[in-house]
**Student:** 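There's a structure below that I have some questions on.
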Amino acid sequence: MSKLIGKEAPVITLPDSNGEVFSFKPGQLGIPTVLFFYPESGSYGCTRQACQLRDAVAQKNTFRPGKLQLIGISSDPVEKQKAFVDREKLTYPVLSDIKREAISAYHVGTGMLGLVDTARVTFVIDKKGIVRDALDATMNYGAHTKFVEKWLEKLDAEDASGST
């Protein structure tokens, strides 16, 4: 996971919750991207995390579409992702990584001392497609939105000052 910080983010092509192919090409949109990997759609912590991020998109200017690309990923099948997205009214792509291709490409390990197959890890990728930071906090689902917010403010400040 930390092996990716400072490097170009891996490309991802996975089915979304509608079963349609979704491709993430780092830097393509020219806006920051937040990729969050989570253990299981519909579980308590994952639902809270996904909904906190959904609410941030609705309430915070830095999270708004056009300023940020937000993508959720777990190893759940498309059908489970679809039910999760529909039930929680998620407003961003939720991808199905049943073959664990993206999980592997982003070096996401197990969580809770191996009790869950996929750790809760959030990556912040800048507008050029470079991984800037990652938060691995499986138990603390609430920390992820704050982590993203802090990084979006930092990236906005870099843009304003003209530095990268």
**Student:** Would you compute the distance between atom OG of S75 and atom CG of D117 and round it to the nearest 0.5 angstrom?
**Tutor:** 6.0 Å

**Student:** Hey, are E158 and R132 close enough for a salt bridge, meaning a charged N less than 4.0 Å from a carboxylate O?
**Tutor:** yes

**Student:** Would V11 end up clustered with Y106 when hydrophobic side chains under 4.5 Å apart are linked, directly or stepwise?
**Tutor:** no

**Student:** One pair to check against salt bridge (charged side-chain N to carboxylate O under 4.0 Å, His left out): E40 and R120. What are the steps and the verdict?
**Tutor:** CA-CA 10 Å; E40 185 183 0; R120 185 181 320 282; over 6 Å; no

**Student:** Please report the interatomic distance CG(L14) to CZ(R100), rounded to the nearest 0.5 Å.
**Tutor:** 12.0 Å

**Student:** Does K80, at its NZ atom, have more than 12 non-hydrogen atoms belonging to other residues, nucleotides or ligands within less than 6.0 Å?
**Tutor:** yes

**Student:** Apply side-chain contact (heavy atoms from CB on, under 4.5 Å) to residues D159 and L155 and explain how you reach the verdict.
**Tutor:** CA-CA 6 Å; D159 283 349; L155 292 173; 5.5 Å; no

**Student:** Run the numbers on I130 and K7 for side-chain contact (heavy atoms from CB on, under 4.5 Å), then give the verdict.
**Tutor:** CA-CA 5 Å; I130 305 300; K7 296 190 170 79; 5.9 Å; no

**Student:** For D16, what residues pass the side-chain contact (heavy atoms from CB on, under 4.5 Å) criterion, not counting sequence neighbours?
**Tutor:** N18, E20, F22, L95

**Student:** Could you measure the distance from the CG atom of D97 to the CG atom of D76? Nearest 0.5 Å is fine.
**Tutor:** 10.5 Å

**Student:** When rounded to the nearest 0.5 angstrom, what is the spacing between CD1 in I12 and OG1 in T33?
**Tutor:** 9.5 Å

**Student:** Of the non-hydrogen atoms in I31 and G66, which two are nearest, and what is the gap between them?
**Tutor:** CG2-O, 3.2 Å

**Student:** Under a 4.5 Å cut-off applied to non-hydrogen side-chain atoms, are I73 and V94 in contact?
**Tutor:** no

**Student:** State yes or no: do V85 and V57 share one hydrophobic cluster built from I, L, V, M, F, W and Y residues joined by side-chain heavy-atom distances below 4.5 Å, directly or via other members?
**Tutor:** yes

**Student:** Who are the side-chain contact (heavy atoms from CB on, under 4.5 Å) partners of E88, not counting sequence neighbours?
**Tutor:** T47, C51, R54, F84, L90

**Student:** Taking the ring of F36 and the ring of Y92, is the distance between their centroids below 6.0 Å?
**Tutor:** yes

**Student:** Heavy-atom distance under 4.5 Å between the side chains of S96 and S17, does that happen here?
**Tutor:** no

**Student:** Are a donor atom and an acceptor atom from the side chains of Q81 and S41 found within less than 3.5 Å of each other?
**Tutor:** yes

**Student:** With salt bridge (charged side-chain N to carboxylate O under 4.0 Å, His left out) as the test, would you mind laying out the steps for D55 and K60 before giving the verdict?
**Tutor:** CA-CA 8 Å; D55 294 348; K60 299 179 187 301; over 6 Å; no

**Student:** For a side-chain contact (heavy atoms from CB on, under 4.5 Å) check, start with the C-alpha distance between I125 and L35, then their side-chain angles and the critical distance, and finish with the verdict.
**Tutor:** CA-CA 8 Å; I125 301 162; L35 283 182; 3.9 Å; yes

**Student:** When clusters are formed by joining ILVMFWY residues with side-chain heavy atoms under 4.5 Å apart, either directly or through shared neighbours, do I98 and V121 land in the same one?
**Tutor:** no

**Student:** Determine whether D156 and E153 make a side-chain contact, defined as any pair of heavy atoms from C-beta on separated by less than 4.5 Å.
**Tutor:** no

**Student:** Are any side-chain N or O atoms of H144 and backbone N or O atoms of Q52, one a donor and one an acceptor, separated by less than 3.5 Å?
**Tutor:** no

**Student:** Are T122 and V34 close enough, and set up right, to give a side-chain contact (heavy atoms from CB on, under 4.5 Å), and what steps lead you there?
**Tutor:** CA-CA 7 Å; T122 298; V34 169; 3.6 Å; yes

**Student:** Once rounded to the nearest 0.5 Å, what's the spacing between atom OG of S74 and atom OH of Y38?
**Tutor:** 3.5 Å

**Student:** Considering non-hydrogen atoms only, spot the tightest contact between V78 and G19 and give its length.
**Tutor:** CG1-N, 3.6 Å

**Student:** How many angstroms lie between atom CZ of R48 and atom CG of L53, to the nearest 0.5 angstrom?
**Tutor:** 12.0 Å

**Student:** How about V21 and T13: do any of their side-chain heavy atoms sit closer than 4.5 Å?
**Tutor:** yes

**Student:** Kindly indicate whether the side chain of Q69, heavy atoms from C-beta on, has any atom under 4.5 Å from the side chain of F24.
**Tutor:** yes

